[in-house]
Amino acid sequence: MISNPKRQILPRIYFNRPTVQVARSLIGKYLVRAIDGRILAGKIIEVEAYVGLEDKACHASKGRTQRTDVMFGPGGVAYVYLIYGMYHCLNVVTEREKFPAAVLIRAVEINGELIDGPGRLCRAMQIDRGLNRADLTTGELIWFEDRGELLKRGDVGIHPRIGIDYAGEWAQKLWRFRLRTMALTRAGHRKKQGGAG
DNA sequence: TATTTGATTCTT
DNA sequence: AGAATCAAATAT
């Protein structure tokens, strides 16, 4: 369905790789949602990696349950869960089958507007548990696209993950990645200093 | 069955 | 600093 060769739906093999690598490389790609025939596309600004049984911050670290079962499956599948009774979070499952891991999508830019936070993102893109276990590689309801935009060295900030203080030493892992661009640092607040970067 | 908690966001 | 709000996990 995508005729423009510069718009490539990310295939399953893209996600069958080490999770931190997938997370890092998803920055600058697009999350695309089809809603009633309309297309909503967001440039991915921030993600976090959750890796395996040992990662105390990863939901699957407590074992294979009804909720975490999807993380044990093939990559390129959506893991959507309800958090704090109010918000949904979207993840894409990574790595090989039986290795539970996923990347949380934390922020996107839609039509120049920064949607910051996984709960807000899901609200803006109408993502809820109805999309749990959805295949993200078919280009039907929701998928990822490479639109050929290349990042410069230093464009991606590397940080500790957020909201997982309970995870002990795992909370210190630098598994959060965030795109740094002047355009995204609060509209109108901070002016660009100097000229071309 | 009861209690606690949480990959958040918004208000005070 | 605290509320909102509920499913999953843990304790009983």
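Residue numbering restarts at 1 for every chain, and letters A, B, ... go by the order of the sequence lines.
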Contact class for A:Arg106 vs. all strands (heavy atom < 4.0 Å): base, sugar-phosphate, or nothing?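 Sugar-phosphate, backbone atoms only, no base.
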Non-hydrogen side-chain atoms of [X] and [Y] separated by less than 4.5 Å:
X: A:Val32; Y: A:Arg7; answer: no
X: A:Pro74; Y: A:Glu97; answer: yes
X: A:Ile115; Y: A:Glu109; answer: no
X: A:Val77; Y: A:Arg12; answer: yes

How many Å lie between [atom1] on [X] and [atom2] on [N], as a whole number?
X: A:His59; N: B:dA7; atom1: NE2; atom2: C1'; result: 5 Å
X: A:Lys56; N: B:dA7; atom1: NZ; atom2: P; result: 14 Å
X: A:Leu90; N: B:dT8; atom1: CG; atom2: P; result: 14 Å
X: A:His88; N: B:dG6; atom1: NE2; atom2: C1'; result: 15 Å
X: A:Tyr84; N: B:dA7; atom1: OH; atom2: C1'; result: 8 Å
X: A:Ile162; N: B:dG6; atom1: CD1; atom2: P; result: 16 Å
X: A:Ile83; N: B:dT5; atom1: CD1; atom2: C1'; result: 9 Å
X: A:Arg67; N: B:dG6; atom1: CZ; atom2: P; result: 11 Å

Please report the shortest heavy-atom distance between A:Ile110 and A:Gly42, naming the atom on each side.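 In terms of heavy atoms, the two residues are closest at CG1-CA, 3.8 Å.
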Check this for me: does any side-chain nitrogen of one of A:Arg178 and A:Glu46 sit under 4.0 Å from a carboxylate oxygen of the other?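 Salt bridge flag = yes for A:Glu46 with A:Arg178.
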Carboxylate-amine/guanidinium contact A:Arg147 A:Glu145, below 4.0 Å: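 Salt bridge: yes.
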Minimum-distance nucleotide to [X] side chain [options: [options]]:
X: A:Thr68; options: B:dG6, C:dA9, C:dA4; result: C:dA9
X: A:Arg123; options: C:dA9, B:dC10, C:dT5; result: B:dC10
X: A:Arg120; options: B:dC10, B:dT8, C:dA7; result: B:dC10

Within residues 164-175 of chain A: residues closer than 4.0 Å to DNA chain B (heavy atoms):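 The stretch gives A:Ile164, A:Tyr166 as the residues lying under 4.0 Å from the strand, ordered by number.
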Mind pulling the stems DNA chain C is in, i.e. runs of at least three Watson-Crick or G-U pairs, everything under 3.5 Å?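 Counting only runs of 3 or more consecutive pairs, the stems involving DNA chain C are B:1-6 with C:6-11, B:8-11 with C:1-4.
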Name the residue closer to the 5' end of DNA chain C, choosing between A:Arg129 and A:Tyr87 according to the nucleotide with the nearest heavy atom.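 The residue mapped nearer the 5' terminus is A:Tyr87.
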Would you call the rings of A:His59 and A:Tyr79 parallel, tilted or perpendicular if under 30° counts as parallel and over 60° as perpendicular?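 Answer is perpendicular, since the angle exceeds 60°.
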Roughly how far apart, to the nearest Å, are B:dA2 and C:dT5 at atom P?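 Those two atoms are separated by 22 Å.
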Is the ring centre of A:Tyr50 under 5.5 Å from the base ring centre of B:dA7, and are the two planes under 30° apart, so that they stack?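 Stacking between A:Tyr50 and B:dA7: present.
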Has the side chain of A:Tyr81 got a donor or acceptor that lies under 3.5 Å from a partner of the other kind on the base of B:dA7?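 Side chain to base: pair present.
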Test item: side-chain donor near acceptor, A:Thr137 and A:Tyr14, under 3.5 Å: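 Side-chain D/A pair, A:Thr137 to A:Tyr14: absent.
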Check: A:Phe144 ring centroid to A:Phe15 ring centroid under 6.0 Å: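 For A:Phe144 and A:Phe15, the ring centres are under 6.0 Å apart.
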